[in-house]
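For reference, the structure discussed in these notes is given below.
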Amino acid sequence: DRARGTNTDASEAAIDALCATYWKPIYGYIVHLGQSVEDAEDLTQEFFQQQFGRRNLFLEARREKGKLRTYVCFAVYRHVNDALRKRGRLKRGGGQDPVPLDNVKESATSGNEVTPDKHFDKQWAAALVNHAIAGLEADYVARGNEALFNELRPFLETEGEDAPQLEIAERLGMNVGAVGMSLTRMRRRFGAQFRRKVAETVQGGRTTVDDEIRYLVSLFERS
């Protein structure tokens, strides 16, 4: 919401944070669209400068009342296509021609490779997870619980895996029961953080947020 707001300082700070969060998904998507590493870096930088810098993307996504993920994916594809078309004009047909998205998907699914849009979605989900973990860590550090966070962090996303609670308890000077409770509490807080991060990228109410969370989580289950 801050990235869509009218307060220049606040919105620019929010945009900077969003750029840091979503650089990797956008860059990876452009690579999967067939661009070289160097070209993908340039195109990603251009995309952020043109779209995020002017806040157009966030304003448009808000008006559409949909998922920011979907809107960004389409906007990036359009940006790449426009850049290739411009390149082709400058080189009088000697450059790369735009590739229809359907053709990209078809070629990607001909083997065992993931489609560019699915790769983007998974990278987007990973970015949200990392963003949620960073927020959770900041909260623990602010409360003076950095050591506890560092001990339990490896088990944050592994619900089915038991942490070596006795060893952790001995290192932290806690009892085993307190360690187990702390891990349960941390996982709950992480879930709440993740939900907040997802909600920031979705317009349309609780049901839409729940659907988006289920979809993003399913991307990890399929891998």
Query raised in the report: For the residue pair Q193 and L136, what are the closest heavy atoms and their distance?
Result: NE2-N, 3.9 Å

Requested in this report: Name all residues meeting the side chain to side chain contact (heavy atoms under 4.5 Å, CB included) criterion together with A125; count only those two or more places apart in sequence or in a different chain, and write none if there are none.
Outcome: L216, L219, F220

Query - Residues in side chain to side chain donor-acceptor pair (under 3.5 Å) contact with R153, at least two apart in sequence or another chain - result: E157

Query raised in the report: Are the side chain of H32 and the backbone of D117 linked by a donor-acceptor contact shorter than 3.5 Å?
Result: no

Requested in this report: Please test D39 against R87 for salt bridge (Lys or Arg N to Asp or Glu O under 4.0 Å), starting from the C-alpha separation and ending with a verdict.
Outcome: CA-CA 12 Å; D39 286 344; R87 237 182 257 170; 3.7 Å; yes

Report summary line: Tightest non-hydrogen contact, residues T21 and A127, listed as O-CB, 3.3 Å

**Report entry** ring pair (Phe, Tyr, Trp, His ring centres under 6.0 Å) partners of Y27, counting only residues at least two apart
**Finding:** none

Query raised in the report: Within a strict 4.5 Å, meaning less than it, do heavy atoms of the Y29 and L33 side chains meet?
Result: yes

Query raised in the report: Any idea which heavy atoms bring K197 and T201 closest together, and the distance?
Result: O-CG2, 3.5 Å

Show me the donor-acceptor pairs within less than 3.5 Å that the side chains of residues 166-178 make with the rest of the protein, sequence neighbours left out.
unit_1: R171; atom_1: NE; unit_2: E151; atom_2: OE1; d: 3.3
unit_1: R171; atom_1: NE; unit_2: E151; atom_2: OE2; d: 2.8
unit_1: R171; atom_1: NH2; unit_2: E151; atom_2: OE1; d: 2.9
unit_1: N175; atom_1: OD1; unit_2: G177; atom_2: N; d: 3.1
unit_1: N175; atom_1: OD1; unit_2: A178; atom_2: N; d: 2.6

Query raised in the report: With distance as the sole test, does N130 use its side chain to make a donor-acceptor pair with the main-chain N or O of A126 at under 3.5 Å?
Result: yes

Requested in this report: Can you sort out the partners of T184 under side chain to side chain donor-acceptor pair (under 3.5 Å), two or more places apart, ordered by chain and number?
Outcome: none

Query - From T44 atom OG1 to H79 atom NE2, the distance as rounded to the nearest 0.5 Å - result: 7.5 Å

Report task. Sequence neighbours left out, what passes side chain to side chain donor-acceptor pair (under 3.5 Å) with D139? Give chain and number order. Result -> R143

Query raised in the report: Which residues satisfy the ring pair (Phe, Tyr, Trp, His ring centres under 6.0 Å) test with Y140, sequence neighbours excluded?
Result: F149

Query raised in the report: Would you call M181 and R185 a side-chain contact if the rule is heavy atoms closer than 4.5 Å?
Result: yes

Query raised in the report: Hey, are the side chains of T115 and F120 touching, using non-hydrogen atoms and a 4.5 Å cut-off?
Result: no

Query raised in the report: side chain to side chain donor-acceptor pair (under 3.5 Å) with N145: which residues, sequence neighbours excluded?
Result: none

**Report entry** Donor-acceptor contact below 3.5 Å, side chain R187 vs main chain F155
**Finding:** yes

Query - Test item: W124 and V129 side chains (from C-beta on) under 4.5 Å apart, heavy atoms - result: no

Query - Minimum heavy-atom distance between F190 and A132, given as atom pair plus value - result: CE1-CB, 4.0 Å

Query raised in the report: Would you call I30 and I26 a side-chain contact if the rule is heavy atoms closer than 4.5 Å?
Result: yes

Query raised in the report: Any side-chain heavy-atom pair from R69 and V202 closer than 4.5 angstrom?
Result: no

